[in-house]
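Encoded as structure tokens, the structure appears first; notes follow it.
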Amino acid sequence: MNYIVFDLEWNQSPHGKSRENPRLPFEIIEIGAVKLDHERNIVDTWQKVIRPTVYKTLNYRTREIVHIDKKELDAGTYFPDAVREFLTWAGHDSIFCTWGTVDLPELQRNMKFYNILKLLKGPMHYYDVQKLFAVQYEDMNSRKSLEYGIDYLKLEKQEAFHRALVDAKYTAQIFQTIDLDVMLAYDSIDVYQNPKSKTEEIHMVYNGYTKYISREFHDKEAAMRDPEVLGSYCCICGKKARKRMHWFSVNARNYYCVAECKDHGLLKGKIRMKHADSGKVYIEKTIKISSQPEVESIRAKREELRARRRKKRRETAAQS
DNA sequence: AGGCTTGTGTCCTCAACGAG
DNA sequence: CTCGTTGAGGACACAAGCCT
């Protein structure tokens, strides 16, 4: 088993949104990758410039960021050939690692455009090094730039950022500093190819929380009627926990609840609605260990929401 | 410039319910 | 019965911050 730390550079329509191809808003122009063995020693690298077929000139903003000239692009590899070679080089039992959450979806969107998405089965586990960096060095929820991470760790900046192999190397260097237990406790799941059937649904148990990714439902209401979606199970023992506060929403996408496990105490649940490509919806549910003060603040949040609506109504009623 | 995510806030509609 | 109030929540806009 190897780790494949990769990075992409991409381009977009040079003439604005009105003249973009809606199936491919971003076109990959370079793939760079570093292979690490199971002890995270660097053992190989791989890099290819991709010859664009959709946007043949660079968007002015892309030109400012990515230092690739037209000659290099014109001499590049046709995307499907490059991806086939990349995946073969990566090997089937490897785990991908990227800085942030966007590279894997972008890779798959480009693959879908060229009708070769079947070469990469999803959903898949991967390591988001940007997230691991936040867990180990920051406040857990921050998302910093790659350069911030390199500066923070005082690693040498020999090569300029924003070439795929360079950024992949920097990401790999940061990845090497992440404690094994942090890494194992915080893997990520890419759901560009979200679960379609009950058997494809994902149930993950982490240190202190669980994650569930559902199959597709016709709409939000159908999802919020499903017993599996609504259930709150203890993230330690897996037993059904008793609801202390029913699912309530702050907006159209997020639902919260509080439950209590007989043996392991207070739990907080969060449901996030996601839109699948097909127009249907699926949900991501996390259940975490909570505490009395946190439950109080959730309750306060709900009360505040109600109070604000009440106040608003009073004001509008007073005006008319 | 554009995509994506997360959090906030506003406005509107719907249904339940009690008062008159 | 109608009306007003209330909770609930959908639709949408906006602002950060990442990514290129």
Side-chain angles (χ1 to χ4, degrees), chain A residues 6-32 49-50 52 54-55 57-68 73 98-110 128-131 133-134 138-149 160-164 166-168 170-171 188 190-192 219-225 245-257 270-275 277 281 284 286 301-320:
Chain A
F6 78 94
D7 183 65
L8 305 172
E9 305 302 317
W10 59 71
N11 181 32
Q12 64 186 287
S13 168
H15 312 292
K17 201 169 161 53
S18 57
R19 287 173 65 186
E20 75 169 21
N21 184 326
R23 289 181 54 229
L24 196 75
F26 299 125
E27 182 173 30
I28 293 170
I29 52 175
E30 191 183 30
I31 304 174
V49 170
I50 312 290
V54 179
Y55 311 120
T57 56
L58 294 178
N59 177 290
Y60 78 95
R61 193 87 177 125
T62 309
R63 193 180 300 122
E64 282 175 10
I65 297 167
V66 187
H67 297 287
I68 296 185
L73 289 175
T98 59
W99 188 263
T101 60
V102 297
D103 288 81
L104 269 172
E106 211 46 66
L107 177 65
Q108 291 171 90
R109 182 152 63 181
N110 276 254
D128 174 358
V129 183
Q130 186 186 43
K131 172 178 171 173
F133 176 84
E138 304 263 317
D139 72 348
M140 188 128 166
N141 293 317
S142 74
R143 291 297 181 267
K144 300 295 191 182
S145 68
L146 180 58
E147 186 161 9
Y148 176 99
F161 285 85
H162 294 301
R163 282 300 298 256
V166 173
D167 286 6
Y170 285 141
T171 305
S188 300
D190 175 82
V191 281
Y192 179 82
D219 52 39
K220 199 181 309 191
E221 290 69 31
M224 292 309 284
R225 255 184 267 123
M245 192 189 301
H246 235 272
W247 291 106
F248 70 97
S249 78
V250 192
N251 55 38
R253 293 189 296 275
N254 298 310
Y255 296 78
Y256 302 91
C257 84
K270 180 174 184 176
I271 287 177
R272 185 166 296 159
M273 282 294 155
K274 300 272 188 170
H275 288 279
D277 243 16
V281 304
E284 282 186 22
T286 55
K301 194 171 172 174
R302 190 180 63 168
E303 288 311 314
E304 191 194 338
L305 184 72
R306 287 176 180 170
R308 204 163 51 217
R309 287 204 274 242
R310 224 169 2 231
K311 181 164 175 256
K312 186 80 201 168
R313 224 177 326 251
R314 294 247 170 69
E315 283 170 6
T316 53
Q319 274 167 21
S320 58

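First the proteins, then the strands, lettered A, B, ... as listed; each starts at 1.
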A/His275 atom NE2 is separated from B/dT5 atom P, nearest whole Å, by 10 Å

Without decimals, in angstroms, what is the distance between A/Met224 CE and C/dA8 P? 13 Å

Nearest whole Å is fine: how far is C/dA11 C1' from A/Glu221 CD? 13 Å

How long is the gap from CD on A/Glu27 to CG on A/Asn59, to the nearest 0.5 Å? 12.5 Å

So, using side-chain hydrogen bond (donor to acceptor under 3.5 Å, both in side chains) as the criterion, who are the partners of A/Gln108 when residues are at least two apart? A/Asp190, A/Gln193

Has A/Lys270 got a side-chain N or O lying under 4.0 Å from the OP1 or OP2 atom of B/dG7? yes

Smallest heavy-atom separation, A/Ala164 atom then A/Glu9 atom, equals N-OE2, 3.5 Å

Please work out if A/Lys131 contacts a base, only the sugar-phosphate, or nothing of the nucleic acid, heavy-atom cut-off 4.0 Å. nothing

Please tell me if A/Lys220 has a side-chain N or O lying less than 4.0 Å from either OP1 or OP2 of C/dG10. yes

Atom CE of A/Met245 and atom P of C/dA8 are separated, to the nearest Å, by 11 Å

Drop me the distance from A/Glu106's CD to A/Leu24's CG, to the nearest 0.5 angstrom. 7.5 Å

Using the criterion of both pairing distances under 3.5 Å for Watson-Crick and G-U wobble pairs, give all stems of 3 or more consecutive pairs involving DNA chain C. B:1-20 with C:1-20

Go through the side-chain N and O atoms of A/Thr101 and A/Asp128 and say whether any donor and acceptor fall under 3.5 Å apart. no

Looking at every strand, decide which applies to A/Arg63 at a 4.0 Å heavy-atom threshold: base, sugar-phosphate, or nothing. nothing

Verdict with reasoning, A/Tyr55 to A/Asn21, per side chain to side chain contact (heavy atoms under 4.5 Å, CB included): CA-CA 9 Å; A/Tyr55 311 120; A/Asn21 184 326; 3.8 Å; yes

Report the relative orientation of the aromatic rings in A/Phe133 and A/Trp99; use parallel for angles under 30°, tilted for 30 to 60°, perpendicular for over 60°. tilted

Presence of A/Arg253 side-chain N/O under 4.0 Å of C/dA11 phosphate oxygens OP1/OP2: no

From NE2 of A/His246 across to C1' of C/dG7 the rounded distance in Å is 15 Å

Closest non-hydrogen atoms of A/Phe26 and A/Asn110, given as atom of the first, atom of the second and distance, are O-ND2, 3.2 Å

Mind listing the closest non-hydrogen atom pair of A/Val49 and A/Arg163 along with its distance? CG2-NH2, 3.8 Å

Using whole Å, what does the distance between atom P of nucleotide B/dG3 and atom CD of A/Glu27 come to? 15 Å

Would you mind classifying the nucleic acid contact of A/Tyr255 as base, sugar-phosphate or nothing, using non-hydrogen atoms under 4.0 angstrom? sugar-phosphate

Using whole Å, report how far CZ of A/Arg272 lies from C1' of B/dC4. 12 Å

Measure the distance from CD on A/Glu106 to C1' on B/dG2 and round it to the nearest whole Å. 11 Å

Quick one: which protein N/O atoms are closer than 3.5 Å to N/O atoms of nucleotides 16-20 of chain C? Pair and distance per line, please.
{"residue": "C/dC18", "atom": "O5'", "partner": "A/Arg143", "partner atom": "O", "Å": "3.1"}
{"residue": "C/dC18", "atom": "O3'", "partner": "A/Gln130", "partner atom": "NE2", "Å": "3.2"}
{"residue": "C/dC19", "atom": "OP1", "partner": "A/Trp99", "partner atom": "NE1", "Å": "2.9"}
{"residue": "C/dC19", "atom": "OP1", "partner": "A/Leu146", "partner atom": "N", "Å": "3.2"}
{"residue": "C/dT20", "atom": "O4'", "partner": "A/Trp10", "partner atom": "NE1", "Å": "3.3"}
{"residue": "C/dT20", "atom": "O3'", "partner": "A/Glu9", "partner atom": "OE1", "Å": "2.3"}
{"residue": "C/dT20", "atom": "O3'", "partner": "A/Trp10", "partner atom": "N", "Å": "3.3"}

Could you tell me whether A/Arg163 contacts a base, only the sugar-phosphate backbone, or nothing, with contacts defined as non-hydrogen atoms closer than 4.0 Å? nothing

Counting only N and O atoms by type, is there a donor-acceptor contact under 3.5 Å from the side chain of A/Asn11 to the main-chain atoms of A/Thr57? yes

